[in-house]
Amino acid sequence: MGHHGTQEHKEEAPVTYAEVDSTVAKMMEPPTLGWYILLATCLLCVGVGAASWTRQILVGIGESGKSHPISWGAYITNFVFWVGIAHSGTLISAVLYLFRAKFRNSIYRLAEAMTVFAVLTAGLFPLIHLGRPWFFYWLMPYPNQMALWPNFRSPLLWDVFAVSTYLTVSATFFIVGLIPDVAIMRDRAKTTFRKVLYTVTALGWSGSHTQWKHYTSAYLLFAAFATPLVVSVHSVVSWDFAVSIVPGWHATIFPPYFVAGAIFSGVAMVMTLAIPIRAVYKLERLITLQHFDAMSKLIMLTSGVVSYAYITEFYTAWYSNNPFERAQFWFRPFGDYWIAFWIMAFCNCMAPLALWYKPLRTNIAFLFVLSIFINIGMWFERFNIIVQSLSHDFIPAVWGYYNFSWVDVGITIGAFGWFGMWMTLFIKFFPAVAIMEIKEILPPPMRNEHAHGH
Amino acid sequence: MTSIRGNKVVVGVFSFMDDAMNAVKAAKAQGLDYRVYSPVPNHDLEALTYPEKSPVRFFTATGAVAGLTFGFALAILCSLDYPLRVSAKDIISVPGFVVIGYECTILFGAIATLLAMFHFCKVPDIFRKIGYDPRFSQDKFGVVVGCGAAQTDEVSEKLKQCGADEVEVRNGL
Amino acid sequence: MSQEPLVSINRRSFLKGLGLTSAVTAASCASDKTQNIYSYVRGEPEQIPGVATWYASTCTECTAGCGIQVRTRDGRAVKVEGDPRNPINRGGLCALGQASLQSLYDPDRIREPLKRVSGVGETARFEPISWDEALAQVSEALKESLAEGKTRAVVTGEMSGALGDLVSQWSKSFGASHSMYDVLQPTALAKASELVFGVYGIPEYSFDRAEVVVNFGADFLETWISPVQFARQWADSRRSAKPVRVFHIEPRLSLTGASADHWLMNKPGTEVRVALALLKLVLASGRGNNLASDVRQSLVGMTEKVTPGSAAAEAGISEEKILSMAQYLLSAKRSLVIAGGAAASTADAVSLHVVCHFLNSVLENVGTTVNLNRMRIPGTSMESMESTISAMKDGSVAVAFVHGANPVFTLPSDYGFEYALRNVPLVVSFSSHLDETTQNANLVLPTHTGLESWGDVRMYEGAYGLTQPSMSPVFNTRGLGDVLISLAASAGKPVSDAPAQNFKEFLQESWKAIARKHGVAGDFTKFWNESVERGGFFPQAEVAPADRVRVQVNRSVFSLPFASVAFVAADATGHEAKKDEHYDDKGPAAHDAVPGKEVLVFPYPSVKSFDGRAANRPWLQELPDPITQIVWDSWGELHPSTAKELGVAQGDVLTVRNHFGEVNVPVLVSPYVSEGMVAIPIGQGHGSYGRFAQSVNTGNVLTLIAKTAVKDAAAASVAPSVALVSARAKAFKAPGRAKLVKTQGSDSQHDRDLARTRLISEGTDGALVTKGHNAAEHSHDVKQMYQQREHPLYEWGMTIDLAACTGCSACVVACYAENNIPVVGKQRCYEGREMSWLRIERYYDNGTFTNKEDIPPPEELSVSFVPMMCQHCHNAPCEPVCPVYATYHNEEGLNAMVYNRCVGTRYCSNNCTYKVRRYNWYDYEFPDTLNWQLNPDVTKRTVGIMEKCTFCVQRISEARDSAKDEGRTVRDGEVQPACVQSCPTQALTFGNLKDPHSAVNKARDTDRAYKVLDYYINTQPAVGYLERLRYAKS
Amino acid sequence: MARPFKSPITLILIILTISLVALFPFGSTEWWGSPGSSAVMAQSGEEAYGASPMGTYKNLGIRDGVHNNGQAALWDLHIIDYYRIFGPPQRARGHRPEQPIRFSHITHVQQNKMDCQYCHHSVAKAAFAAIPELETCMGCHKAVTSGSLQSRGEQATDATEKSRLLQGAAEVKKLEGYWERKEPVPWVKVHVQPDYVHFNHKRHVKAGVTCQECHGQVPNMEVVERVSSMKMGWCLDCHRMKGASIDCSTCHL
């Protein structure tokens, strides 16, 4: 800590503490009509999702498009998609923190919020997907009159632990990071509502030297804990598949492949969120083009890893001479769902190649379009893995098709609405850009520059 | 050291960090208790005010170890409590339980860290902020020096000398 | 099973029948409500609540006469199983017989006597009427008709035994005509026997004694004569050291054809030419000296004009095949030549049967594989039907009774049966179901089904099956016999010398005669009780087949037509000439103006719907047709080239129309039907009969068929049977698409080694050698990651012999019945949500070991059936993935499934290699009265729960329970899951793998044993398969 | 600033203790010695629970002899269990429904010394312990008619005895009514088990489990009451104790 970010603003006047405060505070000014429309849209989507889920519970899980043999479909696709989205948030907030990558500070809050809300969204899917969601608590190891415990050998139970740990740790990390910023808001608040809200949520933070001491120490430790989670959570999610024997799932490459894919999709999602927020709230001086360049490079890297993993899957299938694997990987590009495969290949492997052309890495419009492409591509990647593998496995007599249903679509829309709803509320009520951490990379105000040790 | 509690405190509001640091040095020299409020944590400030390492890390380690133990114990004991065979797997399938142990390590470690941090930072504590000023969270530095009622003028003077924009004498809590 | 008996339970919200004396309670539909316990008012000595009672009886679904055992729980029949003591079926039972319960509990059954108040046919409306009132009306009408000098007619289905006697005696005393009709009765075969052997009847065939069978289309594993008996014989031979070699010649691949070694697809109507060519070749080799020389001479003359080459050309099969068939027939010690099924039901069916009979005579099969001592005498007579119909049309019939037959549906419409019925002032239907014929009745007096009534079946001289009621009647119905006796009594016309008060007494009287005939000495009551307990009386069951070799040729036989059947266009069949004002012309007036191309209509019976009588049974509707794998539908099978000509593709709707009628069937393209024809199963497309039958609204294919006069005067003026394959019709694409629901994903096994076939060929020394997979190729030494588990007492396992599996799907229906598997309907099946725990996979291969991805051409075809259920793998992939232990491995080697623990993650289904787990996507309802059948020993499953084959764990539990009572372990064979029990060929064996002497272990002690996919994924299933056997194509 | 703990070791110990306390639920069932499920039901029911308390009813509370006082496992946390919050009282201990005829086990079993299996005759023969047929009731009540009870009641001198007899007469009258109408009595179920539990009375009776271990001292009940929770943990506890099978598919087929 204590590094100075002055070189980032060479051409312009240096950013001051006060400017950071006022820029961020501006974001939190009373909502505009546009914000209300956005929130209403999100709530409408949540309503669609809730109605779909209600229908599914009342009529039967069969209202979703799953069938025999495709017992997992859109819900698990969404689950993996949202867990994946979460990952880059943790990567940016924790891993880059440990690596002291300064470009993280202005986008990390957004990324971390995205993480928490994405996990919050993802966490719904295992519930939605259950046939008897009212018994979800049987997956928890709680002492009960049945004298029964869950099966700790099941990858799904690992999921329960991994996702709940992830949610807890990332939420903790997120909230702890928010505390000093909420304290700022508390001290600037003008309305009683906000005053009360921030007074309570700031927990009485004062920024005294002992608090900072323990805070920075704890923050580093949180980052240290969150970092292995980046690798482990999606590895565990990938084991849901890799530990099984379904051709197309049973692959040792899955954990790194999933982690890379998660970061890939997450960074894309950060871009999708950051670009409009930056434009609307005029954060150009806080979130600069250098940030986008850095993120673009991350996308290039992870896109490369993901593409390599795709190729490896095909190569492994061919080289193994296993008839089931071979059939599966022939089926993917040329079978019933060829269109899903080629969407994935285009969005995830081909489109990001454009970033090798440097000007595009700072072309905001292009990046926005690309990030949406990647989001779509990554959704289809999961769809391909889950649905394609299941529809074409060992016994040809039971090969089948996935029948996408309106409930599937409704719940997917609901998930986006749910996520959007939290994001929308968040940017209005809490600082979506980390004030304290941006200040941290600015030079502290000094009467005598030379007295400063660096 | 005289505690800042129960005595008078002198609050100095500083625009510049080096001024604030000088004030701290002065307070330290006089053996007065002090507290510094700053908008951001700072290395130099920290070296001056709290040179020791934070004890939070011990809690973290303890939590992590406890989590590891708990995770494995939970998985193993639950499996033994009602031993049911699945496939040909052993009742105690250590490879699978590693995941549980690992996740619990992180979970417990993180929670222990959080609790320790709250403990040491004395939060949540919404109202008891001695000598606090809302500007301290934004762009001002605050040095709060505790002293006897008799010393207030002297200390105020000293803080002004160090470059305080404002100096105020308040009651300690 | 809940804790207490006689309690209405939730999903099993059926009314517990409490015998005659006690009332029943309506069901409470939620377990949270107060539950009541109702006890019997009076105890039934043989019934302990919660303990099953079994009744021996005889199946009355078809005329084969299989023995059954009916399991009843608390006064309700819940399961029908084949009786192992019966000499006909020896324990197996077909799908139709298994589903007889759904006829008993049919929600659309007629529940009380009805009187038609308005409309007729499809517009008929009925109102309830009391039995007394109805019987009074019938009595009155009978009296009036006798006074007016009009006649009476009784039309029944095929009927034997005491009921048959009673009906004919009744008819005699009331001066009524009695005619029987059953569309599938091989009456042409009986006629041919009369012409060749001098006895009218169907000989008993022994497939197990033959070395070579040449079969012209007889579906002896499906519906022909006695399919369960034949299937067992065939399978016994296939498992023996010298398996019977079957040549099957037919225009459309049938289930029976699929099991043949050599399936030859011929052009329809050419069978007789191939048979003649065979006869020629056989005679040419000098055989036939056992015949009178002039007969032999006539035969030679008969075959003069045919050569193997010409026959081959006409039939569209290769000449070598004919030559090799003849060669095999000649070299076999015993052989069998048969004809039957749809392929042999042409207008010239008698000719074909005659040639087959001659072939059997010349090959000296009569007395060995063809038994003339055990003739079944079909009562069906087209002659009598025709005269009855014309009498009805004349208006000379005043009262007509119909029972056990649905001629409006099964008789070709130009017989005008429906019109004839409408011409009768009082039509009384004794049907249990509101079928098409009953819709034309004035009075409906519902009768019992076979499971509620007394009766007997005479299979042949020396085999008498006895039917006893296994439960009190479900509805307000009466037995036909009782009704007739009471009518006779009220009219003062006793039906026998010793007037019986009811039909049971009449039956006992007739059994006294049987006892006398077979010299049973002693107390009749003892004989009767023994027979009831045994389900019949089988004095000659063990007697060796006939020694009576009798050829009494009616010389007119040589003047029969032996040419290929010429199928003339519909408008040229002489229909116009026959058409009278009564005939209701459904077709367009100007047939020629109809677009489309002429095709031959090929209706065929199937195990699913038989002749249509089983159409309202949801189990059978949801049962995938073993060949097409289609559920809940009818279809028109077309050869790809014919489909192309007609411009239709799979899933299009095809209108098939001629002067007589019209059907609209979904197109199913298959290379295994002959060109230029459309094959449509009989039995679907009911206009009335019940909700399930009517859900298939394609139209009845039999309406397309015309009655055909026999061209040859020498035989008979009336064709002895309906010529199913005779009509041509215009076919064209109808608008719209049909939802053809096929439950099987891919027809090919994609070289995956699921169903293995072992080829049998003759070694150099003439001994048979089988060539299977290279054992070394598939044996593998897998290093186990985990220690293999121990099974302290039992390790349940199953062995499935693919060489004996015919794909008949009886096991599937048995599984539905035993395990309360819900029927989900067409739409859910379309979505892939059928619930069947056991499926029969059908693969088209080419019989070699390098299976191609595509299905093979007809001449290379080798069909495999793989019954696939939970394999109870020792390394089960489904178990470790369940987060809540809803599925786990118990120490008896079962892959146990705890339904109530399941939260529905469905991971187990994903991870199941065999995809045998089924998920409750919805809460499935059993419509009222069908729910009476539910097995109370099986746990209910609600929405969101995974279910699967449990090896009928409730039966294992029951056996374990009784073993514990007796302080022993479970005996080998004591536990038989429903599928194993039902299998007509005993292809499935179940038992304890721990016991080295158990049947299941012995069965798999062969080099044919393998386990599906185990080689690839080491699941170590408890279900072992034995490779299918097939003679190498020569 | 003051440190709350002198050394981190103290803290480590405290946290370890807390986490081990959290593991205490395992103490409820003896995980360290779970018997394999292969063991056949032990024949030692009587030894474990003492002889059948037939003949000594008067001194016993209705819970006496009930396994584990009718409680399920120690950790019977109904708070989270569906059936306790939303479930029916029929599944809970203390369920004591009103019956169509106020049949008194005290009168029949305690006073008239009838054996359980005289009426519940199928208990050792079948999974179900049958409710007696009306015919069985009438076997005695042909002699002990409502009329006879009525006249005895009218003649009785003791007030308790009198009211008891008169009430009995009224109840027997109801019974006679059912018998005349040939109608079964709609008894209300007291011991309701969910459909997925396949309890077999015969096996338990043959293994020497007394009726009282589950049903309590029915002879002492004027109105039959459910004294045991009959929850899975409760069943399992006894099964584990007696070495009976704890294989899921023993009860959940």
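Residue numbers start from 1 in every chain, and the chains themselves are labelled A, B, ... in the order their sequence lines are given, proteins ahead of strands.
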Open item on the list: Could you work out, with side-chain contact (heavy atoms from CB on, under 4.5 Å) as the rule, every residue matching B:Lys25, not counting sequence neighbours?
Closed with: B:Asn22, B:Leu48
Less than 3.5 Å apart and able to act as donor and acceptor by atom type: which atom pairs between chain B and chain C qualify?
unit_1  : atom_1 : unit_2   : atom_2 : d
B:Arg85 : O      : C:His889 : N      : 2.9
B:Ser87 : N      : C:Glu879 : OE1    : 2.3
B:Ser87 : OG     : C:Ala876 : N      : 3.4
B:Ser87 : OG     : C:Ala876 : O      : 3.4

Open item on the list: For B:Thr60, give me all partners under side-chain contact (heavy atoms from CB on, under 4.5 Å), at least two apart in sequence or on another chain.
Closed with: A:Leu221, A:Phe225, B:Val56, B:Thr113
- [ ] Applying side-chain contact (heavy atoms from CB on, under 4.5 Å), name anything that partners B:Thr152, two or more places apart in sequence or on another chain.
- [x] B:Lys8, B:Val10, B:Cys147, B:Val169
